[in-house]
Amino acid sequence: SCLTSSMIPVDSCANLSWEVRIKGFVCCFCIGILLSVVSYVMVFTRNYTTFGICYSFGTLTAFASSFFLVGPAKQAKNMFAEKRLIATIVVLVMIVLTLCAALWWKKGGLCIVFAIFQFLAMSWYALSYIPFARNAVKSCVSSCV
């Protein structure tokens with residue numbers, strides 16, 4: 001696998017055929033979505049530790065799915081580009097805080113709050129890939145306020 005072997009260059013996913021890259025992206029993204037859906041079920045059972053773990057790993061898995069499209073090195077460069085830097089940092093910090101609230105602090109409400117901020121930060125990050133999407137959201141929010 002291009003993500004597990006230390007003998008394969010980090011950009012080797014970009015050398016895969018387009019069909020294999022799409023399949024890898026879709027599988028990885030769907031696993032991320034599945035983990036997120038499982039996490040929502042955990043909220044209803046008040047299992048906040050499992051919620052925090054599943055939701056955070058769902059976000060990370062969905063985030064990592066893009067490695068298949070452009071390769072890990074290029075995606076890392078894209079993630080930390082100037083227009084995505086703050087969103088990337090906020091997503092990563094919210095993942096860490098969600099896991100801390102779930103695993104160490106054992107605060108279910110705080111875990112949910114951090115997961116909501118994680119979702120919002122991930123959405124803002126994703127919008128950066130769609131031309132003018134962030135401006136449209138800013139305009140919509142400012143007209144509502």
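All values derive from a computational prediction rather than experimental measurement.
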K.L.:
Applying side-chain contact (heavy atoms from CB on, under 4.5 Å), can you list everything that pairs with I89, at least two apart in sequence or on another chain?
P.N.:
L85, V93

K.L.:
Determine all donor-acceptor pairs shorter than 3.5 Å in which one atom belongs to a side chain in residues 137-145; sequence neighbours excluded.
P.N.:
residue : atom : partner : partner atom : Å
S142    : OG   : K138    : O            : 3.1
S142    : OG   : S139    : O            : 3.0
S143    : OG   : S139    : O            : 3.4
S143    : OG   : C140    : O            : 2.8

K.L.:
Not counting sequence neighbours, which residues clear side chain to side chain donor-acceptor pair (under 3.5 Å) with S123? List them please.
P.N.:
none

K.L.:
What heavy-atom pair brings G52 and L99 nearest, and what distance separates the two atoms?
P.N.:
O-CD2, 3.7 Å

K.L.:
Taking all non-hydrogen atoms of both residues, which atom of G58 and which atom of S36 are closest, and how far apart?
P.N.:
CA-OG, 4.1 Å

K.L.:
Only counting residues at least two apart or in another chain, list the ones meeting side chain to side chain donor-acceptor pair (under 3.5 Å) with T59.
P.N.:
Q118

K.L.:
Please say yes or no: joined through hydrophobic side-chain contacts below 4.5 Å, possibly via intermediate residues, are I116 and V113 part of one cluster?
P.N.:
yes

K.L.:
Report whether M122 and I86 are members of the same hydrophobic cluster (ILVMFWY, side-chain heavy atoms less than 4.5 Å apart, transitive linking).
P.N.:
yes

K.L.:
Hey, could you give me each pair passing ring-ring contact (aromatic ring centres under 6.0 Å, His included) that has a residue in residues 93-124? Not counting sequence neighbours.
P.N.:
none

K.L.:
How would you list, by chain and number, every residue that makes a side chain to side chain donor-acceptor pair (under 3.5 Å) with N78, sequence neighbours excluded?
P.N.:
none

K.L.:
Write out all pairs satisfying ring-ring contact (aromatic ring centres under 6.0 Å, His included) with one or both partners inside residues 42-62, taking only residues at least two apart or from two chains.
P.N.:
F51-Y55

K.L.:
For residues 126-145, which residue pairs pass the ring-ring contact (aromatic ring centres under 6.0 Å, His included) check, not counting sequence neighbours?
P.N.:
Y125-Y129

K.L.:
May I have all residue pairs that pass ring-ring contact (aromatic ring centres under 6.0 Å, His included) and include part of residues 19-40, sequence neighbours excluded?
P.N.:
F25-F29

K.L.:
Which residues satisfy the side-chain contact (heavy atoms from CB on, under 4.5 Å) test with V20, sequence neighbours excluded?
P.N.:
L16, S17

K.L.:
Are V43 and V41 linked, directly or through other ILVMFWY residues, by side chains that come within less than 4.5 angstrom of each other?
P.N.:
yes

K.L.:
List in chain and number order the residues that pass side-chain contact (heavy atoms from CB on, under 4.5 Å) with V26, two or more places apart in sequence or in another chain; answer none if no residue qualifies.
P.N.:
I22, C30

K.L.:
Can you tell me if R84 uses its side chain to pair, donor with acceptor, with the backbone of M79 under 3.5 Å?
P.N.:
no

K.L.:
Using the rule that Ile, Leu, Val, Met, Phe, Trp and Tyr join whenever any side-chain heavy atoms are under 4.5 Å apart, tell me whether L92 and L127 fall into a single cluster.
P.N.:
no

K.L.:
Excluding sequence neighbours, so at least two apart, what forms salt bridge (charged side-chain N to carboxylate O under 4.0 Å, His left out) with E19?
P.N.:
K23

